[in-house]
Amino acid sequence: MNRVFKATVVENKKLINNHYLLTLHPAVKIKKPRPGNFFMVAVETGLDPLLKRPFSIHRWIDGNFQLLYRVTGKGTKILSEKKPGNILDILGPLGKGFPFPGKDRQVILVAGGIGIAPMYAMAESIKDKNPLLFYGTKTKKDVLLVDDFRSMGVDLRISTDDGSYGVKGNIVNVLKKYIARDSLKAPYVMYACGPAIMLMKLSGLASEYKMKGYIAMEQNMACGIGTCLGCVVKTRKGHKRVCKEGPVFPIEEIIW
Amino acid sequence: MNRVFKATVVENKKLINNHYLLTLHPAVKIKKPRPGNFFMVAVETGLDPLLKRPFSIHRWIDGNFQLLYRVTGKGTKILSEKKPGNILDILGPLGKGFPFPGKDRQVILVAGGIGIAPMYAMAESIKDKNPLLFYGTKTKKDVLLVDDFRSMGVDLRISTDDGSYGVKGNIVNVLKKYIARDSLKAPYVMYACGPAIMLMKLSGLASEYKMKGYIAMEQNMACGIGTCLGCVVKTRKGHKRVCKEGPVFPIEEIIW
Amino acid sequence: MANKPNLKVNIGKLTLKNPVMSASGTFGYGDEYAEFVDLSTLGAIVVKGLSLKPKQGNPPPRIAETPSGMLNAIGLQNIGIDNFIKKKMPFLRTCKTKVIVNFFGDSIDEYVKAAEKLSSVDGIDALEMNISCPNKQEGWIVFGTDPKVTHKVVSAVRSAAKLPLIVKLSPNVTDISYMAQVAEDAGADALSLINTLTGMAIDVQSRKPKLANITGGLSGPAIKPVALRMVWECFRKVHIPIIGMGGIITSDDAIEFILAGASAVAVGTANFIYPGVTSDIVRGIRTYMSSEGITSITDLTGAIKCRTNRL
Amino acid sequence: MANKPNLKVNIGKLTLKNPVMSASGTFGYGDEYAEFVDLSTLGAIVVKGLSLKPKQGNPPPRIAETPSGMLNAIGLQNIGIDNFIKKKMPFLRTCKTKVIVNFFGDSIDEYVKAAEKLSSVDGIDALEMNISCPNKQEGWIVFGTDPKVTHKVVSAVRSAAKLPLIVKLSPNVTDISYMAQVAEDAGADALSLINTLTGMAIDVQSRKPKLANITGGLSGPAIKPVALRMVWECFRKVHIPIIGMGGIITSDDAIEFILAGASAVAVGTANFIYPGVTSDIVRGIRTYMSSEGITSITDLTGAIKCRTNRL
Ligand SMILES: Cc1cc2nc3c(=O)[nH]c(=O)nc-3n(C[C@H](O)[C@H](O)[C@H](O)COP(=O)(O)OP(=O)(O)OC[C@H]3O[C@@H](n4cnc5c(N)ncnc54)[C@H](O)[C@@H]3O)c2cc1C
Ligand SMILES: Cc1cc2nc3c(=O)[nH]c(=O)nc-3n(C[C@H](O)[C@H](O)[C@H](O)COP(=O)(O)OP(=O)(O)OC[C@H]3O[C@@H](n4cnc5c(N)ncnc54)[C@H](O)[C@@H]3O)c2cc1C
Ligand SMILES: Cc1cc2nc3c(=O)[nH]c(=O)nc-3n(C[C@H](O)[C@H](O)[C@H](O)COP(=O)(O)O)c2cc1C
Ligand SMILES: Cc1cc2nc3c(=O)[nH]c(=O)nc-3n(C[C@H](O)[C@H](O)[C@H](O)COP(=O)(O)O)c2cc1C
Ligand code: FES
Ligand code: FES
């Protein structure tokens, strides 16, 4: 199955300010993405923007797939203007997804902001384990998909920077308190996606509590398939490519 | 009235292979274009293609306007993919239009291929004079708007390169025969638009028969308003800008 | 509330109300843009390059589009200094902005004569000396690429010119910061960079070059990364102000140049795409300064944050 | 029906089935692209630049997008020649296409040692010597910008190399056709041009350079007009074949380079955008030749139609 394909926009729905849910119908049968995999999406037919943009798989529905994205710059702005019927060039699924938790492990998911996008796919894939989701955003109106997660049986803990929803403050602190109270009875494994600063704090927490965990990293990308060497991050084993060895890395491997 | 404006695509209809009729609704009131005027249209939001594309006014209907265009390259290809509701950046109307014929003059219009686009606007503006239109295309299926011209009272003479419609051969030869037969009783004035080779032949004819006439020239354009000096053509009075002194020039002025 | 940000900049003895000017050859003599831009909002208008005598320029086709850029081979067509003074200066004097006149000669003597003539015209605030047009013959190109010739022609003009002298550098050199030092040594009050990169395009159907002149000058967003790098390189080698240009479309682009070391910026090709862009850029810079709490634009010049061990 | 067009080209003693190759650093060691391209359809695979010892390259961020282009400052990260021979050559030997190995050293001695080592490896068909990476220190840059140093390093490698030697030139020079002649004099069998243009980008929010290395190499469609001009300039000055590259995306782009004087072309950044592009370009060239009635691709090299009085 070729990972280069065209997909038709089925829907491009604005969820909240600057956040869109894009439903795509691939023109050919594609490989089913695993949670943590991503697609490179061409947003324009001209040569500017030149490079494809990476987006995590958010949800897979009977061969169609969804991306959840936030408008942050030129490329995502153009993407947000796409209408049903428009056709996009896509490459994927790419990268190494989240590894499945061991059989008896409890699962903790941590999402910061738009980092919630891949967490939906992850939660769905292990929903029988009733995962715990720690989810932090800036403010109440940035909080997405609460009902979807609840109806999946996810136990949600939310924090906002301004306290307008859930606990006030940083989601890593919320998680820390939870762990410090020894609320987790069985061995657990953590999966996280969010801004670099959150992941960095999590890695501190992980080493403090000897937590097993995986984080999805971001880096500017050109090729998405491991050839440009553009997307490396520093790890204890040297430079590793986010698009190929990642985007998911064991949390203790990353050097901040 | 600002000549920089946005317009919404009302319709972008494929007429025949590669030929589209684009109906635009300007967001603000704009100056009514004269036949021979043109607009510069931005086809993309990214920076490639970078420059706006020039298109003649084809028709003006109650504040909306129409462009008739042929897909020849990258820019027109992208334009042809626009859907109702898309918004385009536009500059215009620009350039010097066709001068009105003298009161008693007969009018001859000559169009080659997509050169028919501005001829519709011109014919409409002087339809009470029952102009004669000499119209040449490659083949039958390229012939556009015949009924529209007829219902306007235009006397049509058509030729195709392959003889599949009208007379077989070059439209300039058809015109030449007509003039040679002395079919024009009163003093007349000619307006022409079409490929360079047609205009060049017409200019030969014009000097042979001392014809008064005006031709619409084309040239690659960057600014459309006379500042880049990119669009010049050679005239008996030196280099002149197609976007500013033209696109319409007295036929005898151009040096081929 | 913070005070209104101060956009005033000095280019040698010349003070501009803000750092945004038009780039020579892309703004005509200002008059065509009056319809689209309130010219008094600009820091300066830089007019199309002038020579002693009018020039016809190159035959058409003169321009070709390229990815995010364009090639031009206008060949410095211009109405000549006398016509300019007679026909264009009266309007420019009314524009409530500074007027910088770009000029060139085909010999050192012509450069000097042009500079002398322009120095005595009322309403001209500074001269920009073009030694870097890629659309001239090889014998001319050396003005901007051979350091010895550059020094000679700039020194000669320096002695003749009574106005602030800006020297416009060519990017088509191995080390532009060296050329910048040469121009500074020869007496330039400021530097403009960059002029266009020499480029080419071919029509594969006709197998002919897309420009009658074969090669042309590449401008527009495509060249911005190169231009920015050159400004940054020169900033660390010279002590005179730099006017940065090359592919500026937005106020963020302009700010990039200022952070890299430009005291002012010029906007070229963007005028063809958005006729009102120059004024928009001034507004955008002001907004950026307000939101970042910057009181004077001069605080931003060269304020890029980077390890300085790379010099 | 016309005969099938002949796409075979010679690069010195090396014969390629067609003129399309990958550009070094944009195609890995070939393996990652096997999924997207039938590698046997390519004229050659040029692998990522190698050095004697593995290199970590520059810290991230290493790439930034620019209008119709991209900046990279990978810093020549590579697995080293030994690992390459052990881990990558076995696959490359099965690809049914020529293998060209791009390499560099940090001293003349390292260049020579690398060339010697690579010369004895079974399955390597030619060497491409990179003297033009913009992401190295100033002391290194002179390999590609100072004619004396260029002559010295190329001569030394020439004596050591037992394979066809391609020298990859830097565009960041005043006169690339002169550098081309220097490389030819020193014994190069062919030239690759161009490597990337040195560029830069700044994030205006953080005021930091977008690349950790501050500057990087500009590639992609943005630089095509410059690359094309340089190929055209060099073609008229040297007698060895030229491999043209810089912004090739389509077969028409490739044909432009060939018309300007390239015997073959390399496709770089385009691989990131369309992973199957190299093969598409071969197909496109074949279609063009058929429809234009060209029997041998060599008839197109330098076949641009233009007044020759401009030399
Ligand atoms: C593996 C991976 C998965 C991602 N998944 C999602 C997702 O599901 N939803 C979502 O909203 N965002 C996701 N992102 C981030 C998203 O790719 C960027 O927000 C987007 O590329 C920004 O593009 P832009 O043109 O709008 O911004 P610009 O800043 O204009 O982009 C300029 C350049 O920077 C690159 N770039 C900018 N920001 C990022 C970034 N954070 N990561 C990587 N490249 C960047 C772009 O590729 C482009 O080359 C993901 C990133 C990675 C690496
Ligand atoms: C005053 C004027 C009026 C015109 N009116 C019409 C019209 O009503 N209908 C119509 O179909 N076409 C018209 N044209 C031609 C039309 O502008 C070109 O076909 C179009 O710009 C081609 O763009 P492209 O991107 O598809 O082609 P490309 O070849 O990919 O364009 C590349 C570049 O060349 C320029 N260019 C290419 N061909 C022309 C050309 N013939 N004239 C000017 N610039 C060109 C473009 O501006 C662009 O910069 C007119 C041209 C001019 C100058
Ligand atoms: C059509 C055109 C004409 C130009 N004419 C001149 C000129 O007469 N004198 C000059 O010094 N520079 C001239 N330039 C160069 C510009 O002033 C500017 O240096 C260059 O275009 C880079 O800026 P940009 O990318 O913003 O256009 C010209 C550029 C263009 C595109
Ligand atoms: C990410 C990247 C890595 C590159 N690495 C090398 C390299 O290792 N050796 C080399 O000689 N050129 C290298 N280049 C330069 C390319 O081979 C090519 O010369 C240049 O990118 C221009 O071609 P393009 O515009 O088609 O990409 C690299 C280019 C890119 C974009
Ligand atoms: S994006 Fe090219 S190696 Fe990862
Ligand atoms: S298009 Fe710029 S002068 Fe006519």
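Side chains included, hydrogens not; waters and symmetry mates left out as well; all remaining heavy atoms used. Here is how names work: the chains are called A, B, and so on, in the same order as the sequence lines, proteins then strands, and each is numbered from 1. Owing to the predicted nature of the structure, the values given are computational and were not obtained by experimental measurement.
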Which atoms form the tightest heavy-atom contact between [X] and [Y], and what is the distance?
X: Asn172(C); Y: Arg229(D); value: OD1-NH2, 3.7 Å
X: Val238(C); Y: Gln181(C); value: CG1-N, 3.8 Å
X: Thr150(D); Y: Met179(D); value: OG1-CE, 3.3 Å

For chain D, the option from Ile176(C), Ile258(C), Thr198(C), Asp203(C) that forms the most heavy-atom pairs under 4.5 Å: Thr198(C)
Which of Pro209(D), Ser206(D), Gly247(D), Ser170(D) touches chain C most, by non-hydrogen pairs under 4.5 Å: Pro209(D)
Choice from Ile223(D), Val231(D), Asp252(D) maximising heavy atom contacts with chain C below 4.5 Å: Asp252(D)
Residue pair Asp175(D) / Ser177(D), side-chain donor-acceptor N/O under 3.5 Å: yes
Region of Ile304(C) in contact with chain D, defined by heavy-atom distances below 4.5 Å: both
Structural part of Ala212(C) lying under 4.5 Å from a heavy atom of chain D: backbone
For Lys168(C), the option from Ile194(C), Asn195(C), Ile243(C), Ile131(C) that meets side-chain contact (heavy atoms from CB on, under 4.5 Å): Asn195(C)
Partner of Val167(C) by side-chain contact (heavy atoms from CB on, under 4.5 Å), out of Leu191(C), Asn130(C), Val182(C), Leu193(C): Leu191(C)
Residue part contacting chain C, namely of [X], when any heavy atom lies under 4.5 Å:
X: Tyr288(D); answer: side chain
X: Leu228(D); answer: both
X: Ile249(D); answer: neither

Under the side chain to side chain donor-acceptor pair (under 3.5 Å) test, residues paired with Asp280(D) that sit two or more places apart: Arg283(D)
Audit row: Glu292(D), Arg207(C), salt bridge (charged side-chain N to carboxylate O under 4.0 Å, His left out) steps and yes/no: CA-CA 11 Å; Glu292(D) 301 281 313; Arg207(C) 295 185 216 166; 3.5 Å; yes
Residue-level interface, residues 61-71 of chain C with chain D, non-hydrogen cut-off under 4.5 Å: Thr66(C), Pro67(C), Ser68(C), Leu71(C)
Partner set under salt bridge (charged side-chain N to carboxylate O under 4.0 Å, His left out) for Lys55(D), not counting sequence neighbours: Asp106(D)
Results of ring-ring contact (aromatic ring centres under 6.0 Å, His included) for Phe143(D) - residues two or more places apart only: Tyr111(D), Trp140(D)
